[in-house]
Amino acid sequence: MSGSVDKVSKNMMIGIIAAIVVVLVIVVMMTRKKKTSKEQCPIDADLLIKALGGKDNITALEASPSKLKATLKQDKDLDVETIKTLGASGIVAGHLTLTMIFGKASSIICETVLEKIK
């Protein structure tokens, strides 16, 4: 009987080790996905900057969960059609402000544009 207990103990140990390995693999895969998604901007940030009148025309840029809001020095050089082709599902123009709806990518776009206009 002790032989069957040893086999059960070995099988339990193998099962526990396998479960730990699976959990570690899942954690590593999830961590890698987060890093790559933060680094990749889904649009051409240089083209967006140009459509907003150039880097010297952007005085502030902020993102909310679904929107990107740009504060501008002047609004005469805006290219709203280009911004739409970049994927903005909606655009609201105010006096020297432009709010663009880019969905979940808004914060990534904001970070990328801010890095480029520094």
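Put simply, the side chain of Ile91 does not reach to within 4.5 Å of the side chain of Ile101, judged on heavy atoms. By the 4.5 Å heavy-atom criterion applied to side chains, Thr82 and Leu47 are counted as neighbours. The shortest distance between side-chain heavy atoms of Ile83 and Leu52 falls below 4.5 Å. Side-chain atoms of Lys69 and Thr97, non-hydrogen and from C-beta on, do get closer than 4.5 Å to each other. Residues Val80 and Lys84 form a side-chain contact, since some pair of their non-hydrogen atoms from C-beta on lies under 4.5 Å apart.
Between atom CG of residue Leu72 and atom CG of residue Leu61 there is a gap of 9.0 Å, rounded to the nearest 0.5 Å. Separation of atoms CD1 (Ile109) and CG (Leu114) is listed at 12.0 Å; rounding is to 0.5 Å. For the atom pair Leu78 CG and Leu98 CG, the distance stands at 5.5 Å (nearest 0.5 Å). Leu96 contributes atom CG, which lies 8.5 Å from atom CD of Gln74 (distance to the nearest 0.5 angstrom). Between Leu68 atom CG and Thr99 atom OG1 the span is 8.5 Å, to the nearest 0.5 Å. Rounding to the nearest 0.5 angstrom, the gap separating the CE atom in Met100 from the SG atom in Cys110 is 9.0 Å.
Side-chain N or O atoms of Asp75 include none that pairs as donor or acceptor with a backbone N or O of His95 at under 3.5 Å. Between the side chain of Lys55 and the backbone N or O of Lys116 there is no donor-acceptor pair closer than 3.5 Å. Side chain of Thr59 to backbone of Thr71: a donor-acceptor contact under 3.5 angstrom is found. The closest donor-acceptor contact from the side chain of Asp44 to the backbone of Leu86 lies at 3.5 Å or more, if one exists at all.
Nearest heavy atoms, Ala105 versus Pro42: CB-CG, 3.4 Å.
Criterion: ILVMFWY side-chain heavy atoms under 4.5 Å apart, direct or through other members. Under it, Ile14 and Val22 are not part of a common hydrophobic cluster. Taken together through direct or relayed side-chain contacts under 4.5 Å among Ile, Leu, Val, Met, Phe, Trp and Tyr, Met29 and Val21 form part of one hydrophobic cluster.
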